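The structure appears below as structure tokens.
In this text the structure is predicted, and so the values were computed from the model without any measurement.
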Amino acid sequence: MAARSQYEELARQLSAVGAVKRGLVRILPSECPGGTAGVLTLLAKYGEMRITRLAELLAVNMSVTSRHVTHAVESGWVERFPDPADKRSRILRLTPAGEELLDELTRRTTEMFAHNLIDWSDEEVGQLNTLLSRLRDSFSCRGSGGCTPGKHSGDCRAGHANDVHTRTPV
């Protein structure tokens, strides 16, 4: 286990990541806010799904998810269709226009990172991707509060190592 000072420095560094996130949001087209971009990204990664599953993946409540989905539907990037298993529910699916927009967002994001990390080696970028993926997995596997002191979940990281290669504009 790392020293307490290491965790304190990690907290400072992660709060500074806000500048990177703000940079990502600035490159989004004005008609596609970050929440909508998140919806498109998750539908591209996981495929068709109900809004309840999307809310879980976004880690936000249903009303927030619904607003993002409504915007994406009204913009023509996502379509809703009846769930064959339960006609009361709707399934969400990325449209070709949504895929096009996501490709553009991915291009912009990639260019931004390439520009800002020009002095980083491929190995350094790979190490950062690996460590950020591991950090994300350490929290997502242990619930919303992260790891509870004294409790560990050893099997949760299985299957997540390749998640860093998904299109994620924001």
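Under 4.0 Å is where a charged nitrogen must lie from a carboxylate oxygen, and between D83 and R90 no such pair does.
Atom CD1 in I51 sits 9.0 Å away from atom CG in L58 (nearest 0.5 Å). Between the CE atom of M112 and the CD1 atom of I27 there is a distance of 5.0 Å, given to the nearest 0.5 Å. To the nearest 0.5 angstrom, R108 atom CZ is 7.5 Å from L28 atom CG. Considering OG of S5 and CG of L10, their distance stands at 11.5 Å, rounded to 0.5 Å. If you take CG on L102 and NZ on K45, they are separated by 12.5 Å, rounding to the nearest 0.5 Å.
With sequence neighbours excluded, no residue satisfies side-chain hydrogen bond (donor to acceptor under 3.5 Å, both in side chains) with R26. With sequence neighbours left out, the side-chain contact (heavy atoms from CB on, under 4.5 Å) criterion links S121 to E123, E124. Considering only residues two or more places apart in sequence or on other chains, L131 meets the side-chain contact (heavy atoms from CB on, under 4.5 Å) condition with none of them. Applying the salt bridge (charged side-chain N to carboxylate O under 4.0 Å, His left out) rule to R53 yields the partners E56; only residues at least two apart in sequence or on another chain are considered. For the salt bridge (charged side-chain N to carboxylate O under 4.0 Å, His left out) test, residues two or more places apart in sequence or in another chain that qualify with R88 are D86.
Evaluation of the side-chain hydrogen bond (donor to acceptor under 3.5 Å, both in side chains) test over residues 67-77, restricted to residues two or more places apart or in two chains, returns T70-R80. Legend: ring pair (Phe, Tyr, Trp, His ring centres under 6.0 Å) pairs involving residues 1-26, not counting sequence neighbours: none detected. Among pairs with a residue in residues 110-120, those fulfilling side-chain hydrogen bond (donor to acceptor under 3.5 Å, both in side chains) read R107-E111, at least two apart in sequence or across chains. Contacts classified as ring pair (Phe, Tyr, Trp, His ring centres under 6.0 Å) and involving residues 16-37 (residues at least two apart or in different chains) are not found. Applying the salt bridge (charged side-chain N to carboxylate O under 4.0 Å, His left out) test to every pair with at least one member in residues 5-16, sequence neighbours left out, gives these pairs: R4-E8, E9-R12. Annotation: salt bridge (charged side-chain N to carboxylate O under 4.0 Å, His left out) contacts involving residues 31-42, sequence neighbours excluded, are absent.
Taking 4.5 Å as the limit, some side-chain heavy atom of T36 sits within range of a side-chain heavy atom of P33. Counting heavy atoms from C-beta outward, L14 and V17 have side chains that approach closer than 4.5 Å. At a threshold of 4.5 Å between non-hydrogen side-chain atoms, the residues E48 and L92 do not count as touching. Looking at L43 and R93, their side chains never come closer than 4.5 Å, going by heavy atoms from C-beta outward. For the pair E100 and E104, the minimum side-chain heavy-atom distance is 4.5 Å or more.
Contact detail for P29 and L105: the closest heavy-atom pair is CD-CD2, 3.4 Å. Smallest separation of non-hydrogen atoms from A97 and G76: CB-O, 3.6 Å.
In this structure, D122 places its CG atom where only 12 or fewer heavy-atom neighbours from other residues, nucleotides or ligands lie under 6.0 Å away.
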Derivation and outcome, side chain to side chain contact (heavy atoms under 4.5 Å, CB included), residues V125 and L128: CA-CA 5 Å; V125 174; L128 179 61; 5.7 Å; no
Chi angles and distances behind the side chain to side chain contact (heavy atoms under 4.5 Å, CB included) call for V20, F113: CA-CA 10 Å; V20 175; F113 278 117; 4.1 Å; yes
Verdict with reasoning, L94 to E79, per side chain to side chain contact (heavy atoms under 4.5 Å, CB included): CA-CA 6 Å; L94 203 58; E79 64 182 340; over 6 Å; no
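No donor-acceptor pair under 3.5 Å is formed between the side chain of S133 and the backbone N or O of N129.
Within the hydrophobic cluster formed by Ile, Leu, Val, Met, Phe, Trp and Tyr side chains joined at under 4.5 Å, directly or through other members, I91 is accompanied by F81.
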